[in-house]
There are 2 protein chains.
Amino acid sequence: MLQLATSRPSVAPDAGRCADCEVRASAICGSLDAIGLEELGRMGRKVHLRPGQTLLWEGDESVLVGNVLEGMLKLSTVTGDGREQIVGIVFPSDFIGRPFGKDSHHSVTALTEARVCVFRRGAFDGFADSHAGIEAALLRRTLDELDRARRWMLLLGRMSATERVASLLLEMIDRLGGAPGKPLSLPLSRQQMADLLGLAIETVSRTMTRFEREGLITLPGGRRLVLRDRAGLERIATG
Amino acid sequence: MLQLATSRPSVAPDAGRCADCEVRASAICGSLDAIGLEELGRMGRKVHLRPGQTLLWEGDESVLVGNVLEGMLKLSTVTGDGREQIVGIVFPSDFIGRPFGKDSHHSVTALTEARVCVFRRGAFDGFADSHAGIEAALLRRTLDELDRARRWMLLLGRMSATERVASLLLEMIDRLGGAPGKPLSLPLSRQQMADLLGLAIETVSRTMTRFEREGLITLPGGRRLVLRDRAGLERIATG
DNA sequence: CGGTTCCTTGAGATTAATCAAAGAATGTGG
DNA sequence: CCACATTCTTTGATTAATCTCAAGGAACCG
């Protein structure tokens with residue numbers, strides 16, 4: 001919950017080899033031609049983050065934006081007295097940071113080892129303004145993100161603890177390619193699941209063991225999960 | 001909570017007089033030149049909605065998008081068994097509907113008398129793609145909307161009923177130009193406040209009367225509100 | 001004025017949070 | 001590879017917050 005002081009993210013010197021970037025096709029850069037890509041490449045640098053390291057802090061001036069190359073990161077906000085809410089999880093090819101805005105409304109923190117391709121916000125804003133394709137791609141992404149955020153608002157505002165946990169498990173299984181019987185390694189700690197679901201950690205834990213007792217899942221320990229009864233989970237998640 | 005069947009929205013014949021549109025400067029159309037504006041004008045029509053009328057239904061195909069000209073509308077989703085969550089409130093010059101997407105993830109319903117300038121979604125998508133300024137303006141708006149949605153996620157996930165109601169009152173006071181001592185007419189019913197805050201209607205009601213007992217506000221009846229102690233409310237809202 | 005809808009209030013049930021402590025899992029240095 | 005420290009997870013008991021159910025009062029609408 002509490003963000004410990006973290007060491008400085010390490011910056012790789014070999015910045016802008018965009019042409020053979022692993023997310024070239026799916027990230028917003030996919031909209032650029034060779035010339036634009038070359039120009040953008042000169043502006044960016046690659047940053048490596050260890051789990052727990054924070055790239056952007058809530059409330060700070062919005063200085064960086066970028067694309068996730070590898071790993072998962074959380075976007076989170078905190079109340080005055082330290083209660084945390086995770087407001088989004090990002091995956092490779094997702095965009096992070098707040099372009100066209102003075103400050104960052106949430107922190108961005110690595111959940112796993114992660115690599116991110118970052119740009120100075122001001123430079124990126126200018127570049128985007130002269131490359132309509134980037135803005136168009138970013139618009140589509142942002143609209144999707146907004147849909148997701150609003151769906152999550154329904155979960156946070158109107159669903160019971162049981163429904164919330166079932167929804168999250170299904171979402172993780174889908175996003176991480178889980179299948180019945182196949183063990184899946186959860187990328188989130190119980191506390192992070194709680195912070196995402198707006199619940200206490202104990203409630204998440206209890207709900208998961210109840211699901212196990214009811215034969216919906218198996219928990220072989222060590223943050224691993226086996227799906228047993230997808231239809232059952234779906235019935236619960238739907239309310 | 002339950003959406004009653006509503007009559008068909010009435011469509012005004014005098015569609016496209018964009019040049020003297022009341023939200024011309026602040027809506028996304030502000031980015032267009034005279035020619036683009038003329039072209040867009042031919043595509044749009046104006047729709048009048050009475051309070052409670054729904055323009056777009058959750059789950060339906062995304063057929064319409066548009067700008068709010070006058071009034072307030074709510075964006076809402078519903079669980080399988082009918083629990084409602086309001087995921088956004090829109091005001092004049094705000095954009096509504098889901099461009100570049102197959103279906104609409106939430107309903108759009110008038111809270112007050114409202115007028116909206118609407119476009120067929122497909123036609124708008126095409127227009128936007130050939131007018132970068134529109135996409136740029138829409139992107140900025142969508143980013144702001146996403147920030148708001150995420151801030152609300154913190155409220156829904158981590159704040160107490162008391163904090164939620166205080167936050168909402170402050171937001172309404174600010175958005176509607178309230179000031180200490182000046183009576184303000186709330187545009188939301190208690191049920192709608194509850195649906196926005198993820199609370200039961202009784203909890204909202206009780207919290208408001210408690211705020212009145214504590215001298216933070218006065219409730220002269222009839223959905224009217226007088227602010228008495230802004231600092232007090234802010235102290236509560238912050239947590 | 002009578003009907004309808006909206007709002008408030010009370011009592012009791014229920015859910016989830018909190019407090020507390022024991023039990024895994026993970027990592028570290030010997 | 002093991003013993004120990006640390007962190008994460010589970011479980012239990014209790015408390016607190018909010019919801020639900022129920023009913024009376026206020027506002028609003030022909």
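Computed over heavy atoms, backbone and side chain alike; hydrogens, waters and symmetry mates excluded. The chains referred to below are lettered A, B, ... by the order of the sequence lines, with proteins before strands, and numbering in each begins at 1.
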S.K.: Using modelled atom types only, decide if a donor and an acceptor are shared between the side chain of B/S205 and the backbone of B/I201 within a distance under 3.5 Å.
M.R.: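 Not confirmed, B/S205 side chain does not pair with B/I201 backbone.
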
S.K.: Which residue, A/R224 or B/V204, contacts DNA chain C at a nucleotide closer to its 5' end, judged by nearest heavy atom?
M.R.: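 The residue closer to the strand's 5' end, by nearest nucleotide, is B/V204.
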
S.K.: For a quick check of understanding: with a heavy-atom distance under 4.0 Å over all strands, which category does A/R223 fall into, base, sugar-phosphate or nothing?
M.R.: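 Sugar-phosphate contact only.
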
S.K.: Decide side-chain hydrogen bond (donor to acceptor under 3.5 Å, both in side chains) for B/R228 and B/T218; before the verdict, give the C-alpha distance in whole Å, the side-chain angles of both, and the deciding distance to 0.1 Å.
M.R.: CA-CA 7 Å; B/R228 293 290 171 209; B/T218 312; 2.6 Å; yes

S.K.: In terms of side-chain heavy atoms, does B/H48 have a donor or acceptor partner in B/E113 at a distance below 3.5 Å?
M.R.: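 Distance-only check passes for B/H48 and B/E113.
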
S.K.: A/M208 CE to D/dC8 C1': how many Å, rounded?
M.R.: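 Atom-to-atom, A/M208 to D/dC8, this comes out as 13 Å.
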
S.K.: Return the 5'-most residue of the pair A/G222, A/A200 with respect to DNA chain C, ranking by each residue's nearest nucleotide.
M.R.: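 So the residue in question is A/A200.
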
S.K.: Does A/T209 make a side-chain N or O approach to OP1 or OP2 of D/dT11 shorter than 4.0 Å?
M.R.: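 Answer yes for this pair, as a side-chain N or O of A/T209 is under 4.0 Å from OP1 or OP2.
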
S.K.: Could you give the CG-to-C1' distance, from A/L186 to D/dT9, as a whole number of Å?
M.R.: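 Going from CG in A/L186 over to C1' in D/dT9 covers 13 Å.
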
S.K.: Return yes when atom CZ of B/R120 has more than 12 non-hydrogen atoms of other residues, nucleotides or ligands closer than 6.0 Å, and no otherwise.
M.R.: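 Result for CZ/B/R120: open.
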
S.K.: For the side chain of A/R206 and the base of C/dT18, is some donor closer than 3.5 Å to an acceptor across the two?
M.R.: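 Such a pair exists between side chain and base.
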
S.K.: Once you round it to whole Å, what is the distance between P of D/dG25 and CZ of B/R190?
M.R.: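 So the two atoms are 19 Å apart, to the nearest Å.
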
S.K.: With a 4.0 Å cutoff (strictly under), does any side-chain N or O of A/T203 reach OP1 or OP2 of C/dA17?
M.R.: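 A/T203 to C/dA17 OP1/OP2: side-chain N or O found under 4.0 Å.
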
S.K.: Report the distance from atom CD of A/E212 to atom C1' of C/dA24, rounded to the nearest whole Å.
M.R.: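 One finds 14 Å between C1' of C/dA24 and CD of A/E212, rounded.
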
S.K.: What is the separation between atom CG on B/L225 and atom P on D/dA27, rounded to the nearest whole Å?
M.R.: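 These atoms are roughly 15 Å apart.
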
S.K.: Determine whether A/T162 and A/R164 make a side-chain contact, defined as any pair of heavy atoms from C-beta on separated by less than 4.5 Å.
M.R.: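 Result no, sub-4.5 Å side-chain heavy-atom pair not found.
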
S.K.: What is the distance, to the nearest angstrom, from the CG atom on A/D195 to the P atom on C/dA16?
M.R.: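 Those two atoms, CG and P, are 17 Å apart.
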
S.K.: Between P on D/dC19 and CZ on B/R83, what's the gap in Å once rounded to a whole number?
M.R.: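 Whole-Å distance recorded here is 12 Å.
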
S.K.: Report yes if a donor N or O on one partner sits less than 3.5 Å from an acceptor N or O on the other, where the partners are the side chain of B/E202 and the base of D/dC21; otherwise report no.
M.R.: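 Pair found.
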
S.K.: Between A/S205 and D/dT11, does any side-chain N or O lie under 4.0 Å from OP1 or OP2?
M.R.: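 No.
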
